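See below for the structure under consideration.
Positions are given from 1 along the sequence. What's counted below: heavy atoms across the whole structure, side chains too, no hydrogens, waters or symmetry copies. What you see is a predicted model, and the numbers here were worked out from it, not measured in a lab.
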Amino acid sequence: MAKQEKKSNSTTAPLLRIIPLGGLGEIGKNMLVLEAGDNLLIVDAGLMFPTSEMHGIDIVIPDAAYVIDRLEKVRGVVLTHGHEDHIGALSYFVEQGLRAPIYATALTQGLLEVKLREQKLLAEAELRTITADDVVELSPFTIEFFHTTHSFPDSVGVCIMTPAGRVVHTSDYRFDPTPVDGRPTEEDKLRKWGDAGVLLLLADSTNAEHMGSTASEATLEATLETVMEEATGRVLLATFASNLGRVQQVINVARRHNRRVGMVGRSMVNNVRIAIKLGYLDIKEDELLTAGEMESLPGHEVVIIATGSQGEPTSAMVRMSMGDHRQLVLREGDTVVLSATPIPGNEELFNRTVDNLFRQGANVLYHELGNVHVSGHGGQEDYLRMFDLTRPQYFIPVHGEYRHLVLHARLAQRWGIPQDHVFILEDGETVEFGHFSGKEEIEARGGEKIEAGHVYVDGLGVGDIGNVVLRDRRQLSQEGFIVCIVAVDEYDGEIIYGPEIISRGFVYMREQEDLIRRAQEAVSKVIKRKMPASILENKIKDALGNFASREIGRRPMVLPLVIEM
């Protein structure tokens, strides 16, 4: 198994270079670049939601400096589907000057248009609609598509003919014989490309730990039937706003139980409105319940679909769980279904939401209590089936944390791909294809590593928050801070005021007056001698830091403020 081998000494130029900028070694911010000569092709440009250590960060996007520095070489952007982890970063790159044509299916394009319009960038983007049957020529790349079964209607994978050979990128998929939209993953195309010869397969690894195949969507519909049959009050279901397949399922079951459906949450309302307009949902907009009807109609006639399946702090379901929603109030007899499993690292927020929903008196059904969610990603049997269909010479697992990539790589070897033809990469690590030893056959080698990582979006700031700021935020959240104010004579350096100490998040000052007094004494001992303000600040910082550590075993952030008067 090749773990980013060092680049060969061969001076032969590669015909193709694979450059992952996101989604390898992590869940989210999927972005892949194919480079052939002076030509770049981008597949997806997604975001990632922050982990608990990223204090105050709103979202995380890929570090796309490699692309931004070569915008004139970008021939196009291909979006496989409209989930945030595949399209959420693109508007930021358009803002930075990306003007290459963007190819997406109609629904994905519709959701992207909303984002671009909100950021006043729609006029700057060249959007082109494709279907799974289209062929796009972006010399030297020829791009074909295949429909995939996923939790987003009209998802596609891509087959790209490059100067080195055929590359198949599955994006997110599963093999489901009974999908909601009635359109299974197009195996005939995959088999045809496999017969013609696939140089490289890049395949989703999200469920590499899951034995067998992912269950069919039909199994979830049976659960929804039972829930609506047994519920005496309203049924509220939380799911991702872009999981429009799940939305259609709920609509279908609700109709059979004479319930009407309403949507809550800005992103859910917007996505459903676009999907109805484009014909992806079998419901009319005037059939949807208003907020007033959701509250006033008898509970047994109401189903509410909301955002907040992951416990996102500002989402509709979380606000309802805290009794803080402006329009809807949970009440006894409501049944809440959280139709998702927690994203790794998000368990705390999810569990807190479940607890709060129970506190509101709701009957809560979640993944630990029943079959309330079907993954949009295949399991190990689906992965083996993809190998059977495409029969690739080389394999790179993508979309997953590092353990997922390793497990998928091992599965590829068990299927029969040679160890040195399987590459486990992380963001920024590259693989090159070409005639490196003078042979007629295409060979692969580890390429040069490029800069790739996280770019943090905090409010209106993009990339202005780095690891130092996050470290400071982490220290503030854990230990609090102390401010020490001292005024000195600007001419002779004599202390004319202070030290005055102010603390937040360190101790409660009114109950720790003796500790604060001793802290002042510790500072006074080091500022008796005349010294420049800069040296005085360092002395204060060291004195207070050592005092806090010695007295109560904490290391708060110390902010000395020396004023020259």
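Using cut-offs of 30° and 60° for the angle between ring planes, the W193 and F146 rings count as perpendicular.
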Ring pair (Phe, Tyr, Trp, His ring centres under 6.0 Å) evaluation trace for F145 with Y103: CA-CA 11 Å; F145 305 90; Y103 297 87; 7.8 Å; no
* For salt bridge (charged side-chain N to carboxylate O under 4.0 Å, His left out), just list the numbers for K115 and E84, CA-CA rounded to whole Å, side-chain angles, deciding distance to a tenth of an Å, and then say yes or no. => CA-CA 11 Å; K115 293 179 173 296; E84 291 288 340; 2.6 Å; yes
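Scanning all heavy atoms of the two residues, the minimum distance from V374 to A215 falls at CG1-O, 3.1 Å. The two residues M268 and A306 come nearest to each other via the heavy atoms CE-O, 3.8 Å. A316 and T307 make their closest contact through N-OG1, 3.3 Å (heavy atoms, listed as atom of the first residue, atom of the second, distance).
Salt-bridge check for R260 with E287: failed, with every basic side-chain N at 4.0 Å or more from each acidic carboxylate O. With salt bridges taken as basic N to acidic carboxylate O contacts below 4.0 Å, one links E186 and K189. By the 4.0 Å N-to-carboxylate-O rule, R174 lies too far from D382 to be salt-bridged with it. R273 has a carboxylate O that lies under 4.0 Å from a charged side-chain N of E285, or vice versa, which qualifies the two as a salt bridge. A salt bridge links D427 with K29: the closest approach of a Lys/Arg side-chain nitrogen to an acidic carboxylate oxygen falls below 4.0 angstrom. A salt bridge is absent between K192 and E187; no separation between the charged side-chain nitrogens and carboxylate oxygens falls under 4.0 Å.
Checking T219 against S216 by side-chain atom types alone, no donor-acceptor pair falls below 3.5 Å. Using a 3.5 Å distance cut-off with no hydrogens or angles, the side chains of T206 and D204 do pair a donor with an acceptor. In summary, the side chains of E35 and N39 do not present any donor paired with an acceptor at a separation below 3.5 Å, with no hydrogens or angles considered. Checking S151 against R246 by side-chain atom types alone, no donor-acceptor pair falls below 3.5 Å. A side-chain donor-acceptor contact under 3.5 Å links H408 and S205. Side-chain contact check for D172 and H86: at least one donor-acceptor pair (N or O, by modelled atom type) lies under 3.5 Å. Looking only at atom types and distance, the side chain of H83 has a donor-acceptor partner in the side chain of H150 under 3.5 Å away.
A donor-acceptor pair under 3.5 Å is formed between the side chain of T214 and the backbone N or O of G379. Remark: side-chain polar atoms of Y66 are not paired, donor with acceptor, to backbone N or O of V33 under 3.5 angstrom. When atom types are taken as modelled, the side chain of R99 and the backbone of V94 share a donor-acceptor pair closer than 3.5 angstrom. Listed for the R319 side chain is no donor-acceptor partner under 3.5 Å among the backbone atoms of D324. In this structure, T290 contributes its side chain and E293 its backbone to a donor-acceptor pair below 3.5 Å.
Interatomic distance, E451 CD to L21 CG, rounded to the nearest 0.5 Å: 11.0 Å. Distance check, rounded to the nearest 0.5 Å: CZ of R166 to CG of L199 gives 10.0 Å. From L107, atom CG reaches atom CG of L111 across 5.0 Å, with rounding to the nearest 0.5 Å.
Side-chain contact between L90 and Y92: absent, with no pair of heavy atoms (C-beta onward) separated by less than 4.5 Å. When side chains are defined from C-beta on, R183 does not count as touching T149, because their heavy atoms never get closer than 4.5 Å. Put simply, the side chain of V302 reaches to within 4.5 Å of the side chain of L289, judged on heavy atoms.
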With a 3.5 Å cut-off and sequence neighbours excluded, list the donor-acceptor pairs that the side chains of residues 274-282 form with protein atoms.
| from | atom 1 | to | atom 2 | distance (Å) |
| --- | --- | --- | --- | --- |
| Y280 | OH | D154 | OD2 | 2.5 |
| D282 | OD2 | R255 | NH1 | 3.2 |

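Put simply, the residue from L200, V136, L41, L202 that forms a side-chain contact (heavy atoms from CB on, under 4.5 Å) with I160 is L41. Exactly one of I61, I87, V455 qualifies for a side-chain contact (heavy atoms from CB on, under 4.5 Å) with L47. That residue is I61. A side chain to side chain donor-acceptor pair (under 3.5 Å) with S171 is found for exactly one of N30, T148, T80, namely T80. For the side-chain contact (heavy atoms from CB on, under 4.5 Å) criterion with H169, the lone passing option out of V43, L34, I396 is V43. Partner of F395 under the side-chain contact (heavy atoms from CB on, under 4.5 Å) criterion, chosen from L201, V198, I424: L201.
Atom CE of M322 has 12 or fewer neighbouring heavy atoms from other residues, nucleotides or ligands inside a 6.0 Å radius.
Taking the ring centroids of H367 and F350, they lie under the 6.0 Å cut-off.
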